[in-house]
Number of protein chains: 2
Amino acid sequence: MGMSEATEQAAPKAKRPTRAHRREEILAAATRVFGSKGYHQGSLVDVAAQVGITHAGVLHHFGSKDKLLWEVLEYRDRVDVQHLEGKHIPGGLDLFRHLVTTARLNADRRGIVQAYAVLTGESVTDGHPASSWVAQRFAVLRGEISQAVRDLATERDVRLPDGEAERAANAVIAVMDGLQLQWLLDPEAVDLAEATRFAIESVLTATLGSPVQIASA
Amino acid sequence: MGMSEATEQAAPKAKRPTRAHRREEILAAATRVFGSKGYHQGSLVDVAAQVGITHAGVLHHFGSKDKLLWEVLEYRDRVDVQHLEGKHIPGGLDLFRHLVTTARLNADRRGIVQAYAVLTGESVTDGHPASSWVAQRFAVLRGEISQAVRDLATERDVRLPDGEAERAANAVIAVMDGLQLQWLLDPEAVDLAEATRFAIESVLTATLGSPVQIASA
DNA sequence: ACGGGCTTACTAACCAGTTAGTAAGTGTGG
DNA sequence: CCACACTTACTAACTGGTTAGTAAGCCCGT
């Protein structure tokens, strides 16, 4: 908790890397490794090599491979949200704009998308350490997106059948994940941002019964 | 699940299984194993144990783990198509009915869905032996579905913007894969068949500009 | 100011377990 | 007899994790 502020920056000397800095390096490396090889296949040796230390050094910082994975996932969330100005997730149509914007950004961050895709796929295997994280993530997204759908519905005086908002939310989440998969395997065949916008607009239009358009920032 | 149900046929003597029969057993076992643990994490020992032999026995039949995977994928295709009465993939609206029907069947074949999901996710890792298979599969589906979309468009006298059929096809494929993922992680949260029908209808309705309905045969 | 005590960051060596794959031998049905 | 299915026994490579030891930096009493 109460660390002295002086230890953080102040001296830009490149002596021994500070703990915080080193950890960040390792997290970035782990993201790359898990992204390109998966969690099971990506080894601590791989991660360590990328920051120029041994695998024992990585364990010194993170304790175990499982814990490292956890922090990688949190790290991804942190990075993901930090570009968001408002600092909190928007609602209504803004949420969907945000999703499309994220897709556009993702098209230039193949590594992160790959890590997410691989981990999500792997997570459906028995007893995978990331499965609850992924499930939780889906649940949260489902809640936020379905709420945004309901917002749009009331905004446009549309009465939604029971469970329709959730169905739409599930479809939106599904389409985003699925498109990422296709894009990773064949970037030529899919324009990630455009395809995402198209798909989300389709779902919203069909759900609300009137055309919905998402501006292309 | 019965471990060696097939090996001990009748009372007389333990007949030696024919090569073809044994191979089929192994393929089924491998599908289960790769489905529940993934390709990398699922070992030949696991597969062998399920048919009551050693892992060397499996290698005797398939030569290597990679070759086994290939045959598993082919096997899945064979099984997948054989329930199709017409023996060839339908077009137009029938294709989408077929997709929803497949989703409904899949809800009772968790193992296969899981195998497909895990393998697809894993396939985006560097140099994965299944990546070209998955990419190919996507390409074929994209072709068939976009053609079906174009069929529907001409059928309803709708002029589609350039590339719109492909976008719709990509969205349909994506939504199916994504929903499977969500369903695997939390079957309560998603009604696979219903969600698939809803999502496909949404995309088609938005694409064609008029309501599209898929019967629930 | 400086030397000792303590913490941090790491390495080298090793562990036990698991992997795919190979080679040689065994039993059996035809 | 003998081809084939299969086992036993093994190897070489790796895995995540533990250990002891070391070098470097920080804090503090004198």
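In what follows, chains carry the letters A, B, and so on, assigned in the order in which the sequence lines appear, proteins first and then strands, with residues in each chain numbered from 1.
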Please produce a list of atom pairs where a protein N or O lies less than 3.5 Å from an N or O of nucleotides 15-18 of chain D.
| residue | atom | partner | partner atom | Å |
| --- | --- | --- | --- | --- |
| D/dT15 | OP1 | A/Ser43 | OG | 3.2 |
| D/dG16 | OP1 | A/Lys65 | NZ | 2.9 |
| D/dG16 | OP2 | A/Leu44 | N | 3.2 |
| D/dG17 | OP2 | A/Lys65 | N | 2.9 |
| D/dG17 | N7 | A/His55 | NE2 | 2.7 |
| D/dG17 | O6 | A/His55 | NE2 | 2.9 |

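For A/His60, a side-chain nitrogen or oxygen approaches OP1 or OP2 of C/dA9 to under 4.0 Å. Contact between the side-chain N/O atoms of B/Thr54 and the OP1/OP2 oxygens of D/dC6 is not found at any separation under 4.0 Å. Under 4.0 angstrom from either OP1 or OP2 of D/dC4 there lies no side-chain N or O belonging to B/Arg22.
C/dC10 atom P lies 11 Å from atom CZ of A/Phe62, rounded to whole Å. Atom NE2 in B/His61 sits about 16 Å away from atom P in C/dG21, given to the nearest Å. Across the protein-nucleic acid pair, A/Lys37 atom NZ and C/dT19 atom P stand 18 Å apart, rounded to whole Å.
Within the 4.5 Å cutoff, the side chain of A/Arg104 has no heavy atoms near those of the A/Arg197 side chain. With a 4.5 Å cut-off on side-chain heavy atoms, B/Leu119 and B/Leu69 count as touching. Using a 4.5 Å heavy-atom threshold, the side chains of A/Leu99 and A/Ile214 count as separate.
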Throw together a table of side-chain donor-acceptor distances under 3.5 angstrom for residues 174-182 of chain B, partners on residues two or more places apart or in other chains.
| residue | atom | partner | partner atom | Å |
| --- | --- | --- | --- | --- |
| B/Asp177 | OD1 | B/Tyr116 | OH | 3.4 |
| B/Gln182 | OE1 | A/Arg142 | NH1 | 3.1 |
| B/Gln182 | NE2 | A/Asn170 | O | 3.1 |

Under 3.5 Å, sequence neighbours excluded: what are the donor-acceptor pairs made by side chains of residues 48-61 of chain A?
| residue | atom | partner | partner atom | Å |
| --- | --- | --- | --- | --- |
| A/Gln50 | OE1 | A/Arg32 | NE | 2.7 |
| A/Gln50 | OE1 | A/Arg32 | NH2 | 2.7 |
| A/His61 | ND1 | A/Arg19 | NH1 | 3.4 |

> Checking salt bridge (Lys or Arg N to Asp or Glu O under 4.0 Å) for the pair B/Arg150/B/Glu164: CA distance, chi angles, key distance, verdict?
Replying inline: CA-CA 9 Å; B/Arg150 275 188 290 270; B/Glu164 191 87 339; over 6 Å; no
